[in-house]
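We count residues from 1, following the sequence as given. Values in this document were obtained by computation on a predicted structure and should not be read as measured data. Both backbone and side-chain heavy atoms feed into the values below; hydrogens, waters and symmetry mates do not.
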Amino acid sequence: PAEPTLVLRLKFLNDTERLARVRPGDTVGALKRTYFPGQEQQVRLIYQGQLLRDDTQSLAGLHLSHLSVLHCHLSPPSAAPTAPGSPGPRSPAPAALGVGSLALPLFVLLLALLWYLQLQHRHVFTATATTCLAGLTLLVTFVAFAMYRR
């Protein structure tokens, strides 16, 4: 007699589901090979809070019932090791410049412009404005050293 089939619900982290038709005698590894071909090493199956590590364990041994939920986690593929003598992996491209990485240089440029105007047009700047400019310069200096100290 033919072995009965079970339908399992494969639930992913993004709440999508896939149905898998399996036999109770199938192993965890066979399930991975059938429904995740080429990704067997990246997929992690979790049943009732337990990570299914043993690929040789049968599904019947897990006491799965019809429409049981197996949670699936797919990790990104790891870099394959390179053979000796072959060039290693290329270094990643530099990150794009964002607003955050340009903020401090823009503040420094603005402060330089304000100090230039203060020196060239001293009659426009009051003592309070000059004191505030000096305090702001000191604050930006501390922030710059804190950011680039690493």
Side-chain angles (χ1 to χ4, degrees), residues 1-118 129-150:
E3 196 175 15
T5 61
L6 292 175
V7 176
L8 302 177
R9 293 170 45 205
L10 303 177
K11 189 167 186 170
F12 297 88
L13 291 178
N14 61 2
D15 282 335
T16 58
E17 285 190 15
R18 235 169 111 183
L19 295 179
R21 292 190 179 281
V22 295
R23 292 189 187 94
D26 290 346
T27 62
V28 173
L31 174 68
K32 287 180 181 181
R33 281 189 301 278
T34 304
Y35 289 94
F36 304 97
Q39 298 177 308
E40 296 91 349
Q41 298 303 317
Q42 287 102 1
V43 71
R44 302 286 178 259
L45 297 175
I46 300 162
Y47 179 62
Q48 293 182 340
Q50 298 297 316
L51 179 63
L52 305 181
R53 298 174 199 260
D54 186 8
D55 283 353
T56 61
Q57 184 177 19
S58 73
L59 299 177
L62 295 171
H63 308 292
L64 295 169
S65 60
H66 186 66
L67 293 179
S68 289
V69 176
L70 283 175
H71 294 275
C72 304
H73 174 261
L74 284 172
S75 56
S78 60
T82 57
S86 67
R90 285 188 273 161
S91 62
L97 286 178
V99 175
S101 63
L102 294 177
L104 190 64
L106 288 176
F107 271 124
V108 171
L109 189 62
L110 180 65
L111 280 175
L113 176 67
L114 285 172
W115 276 110
Y116 173 79
L117 291 174
Q118 197 277 340
T130 303
T131 304
C132 288
L133 183 60
L136 189 61
T137 302
L138 204 58
L139 178 69
V140 169
T141 303
F142 283 131
V143 168
F145 277 110
M147 283 178 62
Y148 294 109
R149 187 175 174 179
R150 298 179 211 160

Just wondering, are more than 12 heavy atoms of other shown residues or ligands nearer than 6.0 Å to CD in Gln57?
yes
Between CD on residue Glu17 and SG on residue Cys72, distance to nearest 0.5 Å:
10.0 Å
Quick one: OG on Ser68 to NE2 on His63, what's the gap to the nearest 0.5 Å?
11.5 Å
Would you say the side chain of Pro24 lies within less than 4.5 Å of the side chain of Leu59, judging by non-hydrogen atoms?
no
Spacing of Leu136 atom CG and Trp115 atom CH2 [to the nearest 0.5 Å]:
10.0 Å
Just wondering, do Val28 and Asp54 contact through their side chains at under 4.5 Å, heavy atoms?
no
Between Tyr35 and Leu19, is there a donor-acceptor pair closer than 3.5 Å when you use the side chain of the first and the backbone of the second?
no
Short question: side chain of Thr16, backbone of Phe12 - any donor-acceptor pair under 3.5 Å?
no
Looking only at non-hydrogen atoms, find the nearest pair between Gly25 and Ser58 and report the distance.
O-CB, 4.3 Å
Rounded to the nearest 0.5 angstrom, the CZ-CG distance for Arg21 and Leu8 is 10.5 Å
Should Leu31 and Leu70 count as side-chain neighbours, where that means a heavy-atom distance under 4.5 Å?
yes
For residues Leu52 and Lys32, report the shortest heavy-atom separation together with the two atoms involved.
O-NZ, 4.3 Å
Just verifying a value: how many Å separate Gln48 CD and His71 NE2, rounded to the nearest 0.5 Å?
9.5 Å
If every non-hydrogen atom of Thr56 is compared with every non-hydrogen atom of Thr27, which pair is closest and at what distance?
O-CG2, 3.6 Å
Please examine the side chains of Val22 and Thr34, heavy atoms only from C-beta on, and report whether any two atoms are closer than 4.5 Å.
no
If you draw a 6.0 Å radius around CZ in Phe36, do more than 12 non-hydrogen atoms from other residues or ligands fall strictly inside?
yes
Quick one: closest heavy-atom pair of Val69 and Tyr47, and the distance?
O-CD1, 3.4 Å
Separation between CG (Leu109) and CG (Leu114), nearest 0.5 Å, reads 10.0 Å
Non-hydrogen atoms of Leu6 and Ser65 that approach each other most closely:
CD2-C, 4.1 Å
Over 12 non-hydrogen atoms of neighbours within 6.0 angstrom of CZ in Arg18:
yes
Output yes when a side-chain donor or acceptor of Glu40 lies under 3.5 Å from a complementary backbone atom of Gly38, and no otherwise.
yes
